[in-house]
Amino acid sequence: MGYVLTNPATPCRQLTVSWGGDTLTSGICQNRLTGPSSPKMITQEQYKELQERVAQLHRYLDIDAKIMQHEEEQLRTQDPEFWNDRERAEEQMKLVKGLEKWINGYNEVCTLTEEVELSLEFYRNEMVSEEEVDESYAKALNAIEALELKNMLREEEDAMACVLKINSGAGGTEAQDWAQMLMRMYLRYAEQHGYKTTIANLIDGDEAGIKTVTMEIEGDMAYGYLKSENGVHRLVRVSPYNAQGKRMTSFASVFVTPLVDDTIEVYVDPSRISWDTFRSSGAGGQNVNKVETGVRLRYQYVDPETGEEEEILIENTESRKQLQNRENAMRLLRSNLYDRELKRRQAAQAKIEAGKKKIEWGSQIRSYVFDDRRVKDHRTNFQTSDVGGVMDGKIDGFIKAYLMEFAGTENA
């Protein structure tokens, strides 16, 4: 399967996916519709293209096979002894729900496309306006693009939940305030997409903001979408913490790793683990600030290729019970080790496939320039003037642009 990104500088970015002898064209358009003041609404050709993309999705998603598989897997859940093995039953239910999401997503696309046809017919009978036709077209197009993008996330880890860690850079209060702003941005993004978020560890800043936070984000394709946020985020603004009102630059790093569960096999050497306990900081309450419920896990990691040793440090204060915090810390350690192995394999693959553009996980990826009203991603050149919207969690445009670029370079 191959992906080719074309016309990246135009308002409508197009992705051509080669699948055997077939091709699937997907576009992300900044100006899809002509708008109310336009003299012309969508054309019949645009509607036919919509229908063709739906037909292509039916083939590439293999919807008929998914429906049959869903029926078979659903029958297994009706076994009277199904819940005797709870762990296995939960995995089966996860599989069934996963198939349902693909089928429901495709059915939604079909329904919205049919509504476009109806709105065109109603328009011919003067029952709806051009604006209403364009609105129905926009809804269908957005749904198709979302399903096409989701279909690009085919790696095992893409479907997992994720661990998102933010560290403030050098710069004291200014950088710590920026780290807290990013935390709020991702919490708002998760809320808008129905994701569940849990704060595993949080260290407040000296005067304002935060020094670091570790969040677990659970939901459909959480890692697949949020892996685009891996890297250094740069803020340029007139600082409220500077008496002279100078323009300041601050940095914060974001690390995103897949959150593994018990179904993923990750080897952890018990002899390389050591534990510390400490009192959790917080507003008070039972156990908090009274007993050592917080845990600090140290793991001496040895690189399998170079033999170099590195300490992995994980803190967890999520629960008021030390035992539960230990379990959470171990889960985060397994996620960290899984991510290291994943990146090691990706690096090895990149060496084999010479000439491909490399994804630099640790590099500066995005600049947020407040007084110029501009947020720009340096990897894809996608940018927007809606700074307030971005800081309120509206980062889907950046994620989509990244996935288009990622698919075009990693899977070609």
Side-chain angles (χ1 to χ4, degrees), residues 30 162-193 195 197 199-217 225-257 281-283 313-315 317 358-402 405:
Q30 294 173 337
C162 70
V163 180
L164 189 148
K165 184 174 183 180
I166 304 170
N167 290 329
S168 62
T173 302
E174 179 71 23
Q176 290 164 15
D177 186 49
W178 173 227
Q180 186 173 42
M181 292 166 70
L182 285 175
M183 178 180 76
R184 178 184 178 276
M185 182 181 80
Y186 291 121
L187 286 173
R188 294 298 299 274
Y189 170 83
E191 180 185 351
Q192 291 161 18
H193 290 77
Y195 289 168
T197 55
I199 305 296
N201 188 54
L202 173 68
I203 299 177
D204 290 322
D206 297 323
E207 297 178 20
I210 60 171
K211 292 181 179 179
T212 183
V213 63
T214 302
M215 301 186 291
E216 297 174 13
I217 303 177
Y225 290 119
L226 285 169
K227 65 184 179 184
S228 65
E229 299 304 294
N230 240 322
V232 176
H233 295 244
R234 170 176 171 260
L235 169 68
V236 180
R237 68 169 174 174
V238 176
S239 172
Y241 301 101
N242 185 281
Q244 289 76 37
K246 290 183 178 179
R247 203 182 197 210
M248 304 286 288
T249 301
S250 307
F251 297 91
S253 57
V254 176
F255 302 95
V256 185
T257 59
S281 61
L313 178 64
I314 294 174
E315 294 182 346
T317 56
K358 206 172 173 184
I359 300 296
E360 295 292 346
W361 295 96
S363 62
Q364 178 178 308
I365 65 164
R366 194 176 300 150
S367 291
Y368 305 71
V369 187
F370 280 12
D371 45 345
D372 288 349
R373 298 191 59 80
R374 175 169 53 88
V375 182
K376 180 177 180 179
D377 196 297
H378 303 296
R379 300 163 300 177
T380 63
N381 288 325
F382 182 91
Q383 61 181 312
T384 179
S385 60
D386 185 14
V387 175
V390 170
M391 299 315 299
D392 279 336
K394 296 177 181 177
I395 57 174
D396 294 277
F398 293 99
I399 292 173
K400 285 182 179 181
Y402 172 84
E405 191 79 13

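Positions are given from 1 along the sequence.
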List the atom of [X], the atom of [Y], and the distance in Å for their closest heavy-atom pair.
{"X": "Ala179", "Y": "Ser168", "value": "CB-CB, 3.8 Å"}
{"X": "Glu216", "Y": "Ala200", "value": "OE2-CB, 4.0 Å"}
{"X": "Leu202", "Y": "Ile210", "value": "CD1-CG2, 3.5 Å"}
{"X": "Val390", "Y": "Phe398", "value": "CG2-CE1, 3.8 Å"}
{"X": "Asp371", "Y": "Val236", "value": "OD1-O, 4.1 Å"}
{"X": "Thr380", "Y": "Ala401", "value": "CG2-O, 3.6 Å"}

With sequence neighbours excluded, residues passing salt bridge (Lys or Arg N to Asp or Glu O under 4.0 Å) with [X]:
{"X": "Lys211", "answer": "Asp206"}
{"X": "Arg184", "answer": "Asp392"}
{"X": "Arg234", "answer": "none"}

How long is the span from the [atom1] atom in [X] to the [atom2] atom in [Y], to the nearest 0.5 Å?
{"X": "Lys227", "Y": "Leu164", "atom1": "NZ", "atom2": "CG", "result": "14.5 Å"}
{"X": "Gln383", "Y": "Arg373", "atom1": "CD", "atom2": "CZ", "result": "13.5 Å"}
{"X": "Ile203", "Y": "Thr214", "atom1": "CD1", "atom2": "OG1", "result": "8.5 Å"}
{"X": "Arg237", "Y": "Arg247", "atom1": "CZ", "atom2": "CZ", "result": "12.5 Å"}

Taking the side chain as every heavy atom from C-beta outward, state whether [X] and [Y] have any atom pair closer than 4.5 Å.
{"X": "Arg188", "Y": "Lys394", "result": "no"}
{"X": "Phe382", "Y": "Glu405", "result": "no"}
{"X": "Lys376", "Y": "Val369", "result": "no"}
{"X": "His233", "Y": "Met181", "result": "no"}
{"X": "Tyr189", "Y": "Ile399", "result": "yes"}
{"X": "Leu235", "Y": "Phe370", "result": "yes"}
{"X": "His193", "Y": "Asp396", "result": "yes"}
{"X": "Tyr186", "Y": "Ile395", "result": "yes"}

Considering residues at least two apart in sequence or located in another chain, which fulfil the side chain to side chain donor-acceptor pair (under 3.5 Å) criterion with [X]?
{"X": "Ser239", "result": "Glu174"}
{"X": "Gln176", "result": "none"}
{"X": "Asp386", "result": "none"}

Worksheet entry | Ile166 backbone acceptor or donor facing Thr212 side chain under 3.5 Å | yes
